[in-house]
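Before any comments, here is the structure.
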Protein chains: 2
Amino acid sequence: MTQTNPRSASPDMRRRILDQASALLAESGPDGLSMRKLSQRIGTSTIVLYTHFRDKPAILDELFVEGFERLHGDLLAVPDNLEPVARVMELGRAYRRSAVANATYYQLMFSRCVPGFDPSAQSRQASKAAFAVLRDAVARCVDAGLVAPGDPVEIAHTLWGTLHGLISLELFGYLPPSVSGQARLEQAIEVIATGMRVAAPNTETPGIPT
Amino acid sequence: MTQTNPRSASPDMRRRILDQASALLAESGPDGLSMRKLSQRIGTSTIVLYTHFRDKPAILDELFVEGFERLHGDLLAVPDNLEPVARVMELGRAYRRSAVANATYYQLMFSRCVPGFDPSAQSRQASKAAFAVLRDAVARCVDAGLVAPGDPVEIAHTLWGTLHGLISLELFGYLPPSVSGQARLEQAIEVIATGMRVAAPNTETPGIPT
DNA sequence: ATCTGAACTATAACACCGTTATTGAACTGA
DNA sequence: TCAGTTCAATAACGGTGTTATAGTTCAGAT
């Protein structure tokens, strides 16, 4: 009753599968994550995977959600007591750190890197929690009059797009490695912050670190 | 001498393969493009593909280059006599139009959507020609003093990242379909243009169409 | 005109993939 | 101890990219 599997064997096989799938994803990339290798790594046969998950996309779906939960957690770790605009920029830095640290996850989350996998509508909801952090931070800037008035959702989407775009180009190798991706993103969010702030009533904000 | 294949059979088989691969890519997406289906579509056996191309990635490499050539062409189609900043924004619009119109190509160009395929260093050069259009347009803004002084390459990278990011999010379904991707991108490049322009010596430019 | 040699093609096979039908094993409850 | 259910393993099916083997066709030289 407490378990899906009343048997003693593999008390939390489901968790083991996901952990090993995550490790395999991080090591070998999306291509290297095959059902056969996964079962072999766990030490069982492939059929076990199908008793705990419907099919391969179902496993990827969980990793997809897990990736957004990590991203969400990394964004929540940004201090809450910063000056609003500075906090948005700090969120941008945290976003990049999280994406680069979990590059294969990021690939799974934002590109169709596995042939049969398309995240389910329910899993896509996980992305909204992470986005909400960014949106709320932008909304705080708008409410404080630190930014040109506008829909926080739209502004946050612009910001998200820029973050994702630069990181995506960086991870794909389109940006020359001479300058660090961090520095480039730094300049980009500076431009956007300036663009957002330009029409605001009070441009100068008191007590900003930078 | 004029042909790689002195035989009469298949005067330009290579071209036929690429054309059908392109069509198959556009129809069925990256997943649907298999060597068997491709050869079946042409009406031959799979081995023909390997006599003209080293392997599957070699074919994808050509499509990859072809995709960037399309993008390059679409950017070059933007009028040259616009006011510099307006021209950059127009390039942004052209970029999105091109990406959306050739979505599967765009996917091939910017995401690892085919397991074994990683564009060769030589093919990646094709991306630089397209980027150069954007870079030169930005440089013109800088030279004219219409934009805060800075490295045109860096500024163009920021712009490229934003374009790519928003388009990527749009194509992946992360942006709500309520607002058109065009409108969202419009607002984004407006913010960036403002941010770039804010520290320029002379903000007002004479004789601008828009 | 025949032969040689090279280039192209087809068949079949290999190893891998995701998935599953069939079979076998193991444990719970009576 | 026995019945019944639920797990797991083997082997298979159809699919993928790729290639070894073998067959075919043509250009040029004798």
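Within every chain, numbering begins at 1; the chains are lettered A, B, ... in the order of the sequence lines, protein sequences first and strands thereafter.
Taking every heavy atom of residues 56-67 of chain A and every atom of DNA chain D, no pair lies under 4.0 Å. For the segment residues 110-120 of chain A, the set of residues with a heavy atom within less than 4.0 Å of an atom of DNA chain C is empty.
With hydrogens and angles disregarded, no donor-acceptor distance shorter than 3.5 Å links the side chain of A/N102 to the backbone of A/Y105. Judged by distance alone, the side chain of A/K37 and the main-chain N or O of A/L24 form no donor-acceptor pair under 3.5 Å. B/S28 contributes no side-chain N or O that, together with a main-chain N or O of B/L25, makes up a donor-acceptor pair within less than 3.5 Å. Remark: the backbone N or O of A/P119 is not paired with any side-chain donor or acceptor of A/S123 at under 3.5 angstrom.
Between A/R54 atom CZ and C/dT20 atom C1' there is a gap of 14 Å when expressed in whole angstrom units. Here C/dG18 presents its P atom at 14 Å from CG of B/D31, a figure rounded to the nearest Å. Distance B/M13 CE to C/dA7 P: 17 Å, rounded to the nearest Å. Protein atom NE2 of B/H52 is 13 Å distant from nucleotide atom P of C/dA7, rounded to whole Å. In this structure, CZ of B/R14 is placed 18 Å from C1' of C/dT9, rounded to the nearest angstrom.
Under the 6.0 Å cut-off for aromatic ring centres, B/H164 and B/Y95 do not qualify, their centroids lying 6.0 Å or more apart.
The side chain of B/D55 approaches D/dT18 more closely than any other nucleotide in the set D/dT18, D/dA8, C/dT9.
Remark: B/E62 does not engage B/R15 in a salt bridge, criterion side-chain N to carboxylate O under 4.0 Å. Using a 4.0 Å cut-off between a side-chain N of Lys or Arg and a carboxylate O of Asp or Glu, A/R140 and A/D136 do not qualify as a salt bridge. Classification of A/E90 and A/R93 as a salt-bridged pair holds, one side-chain N sitting under 4.0 Å from a carboxylate O. Between B/E27 and B/R41 there is a salt bridge, with a side-chain nitrogen of the basic residue lying less than 4.0 Å from a carboxylate oxygen of the acidic one.
Within 4.0 Å (heavy atoms only), A/L33 reaches sugar-phosphate atoms of the nucleic acid but no base atom.
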Checklist outcome for this item: Counting primed atoms, P, OP1 and OP2 as sugar-phosphate and everything else as base, the B/S/- map of nucleotides 10-16 of chain C against protein heavy atoms under 4.0 Å is BB-B---
Next on the checklist: Please determine whether ring pair (Phe, Tyr, Trp, His ring centres under 6.0 Å) holds for the pair A/Y174 and B/F131, giving the CA-CA distance in whole Å, both sets of side-chain angles, and the decisive distance to 0.1 Å.
Outcome noted: CA-CA 10 Å; A/Y174 276 125; B/F131 174 71; 9.9 Å; no
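Side-chain contact check for B/Q187 versus A/I155: some heavy-atom pair is nearer than 4.5 Å.
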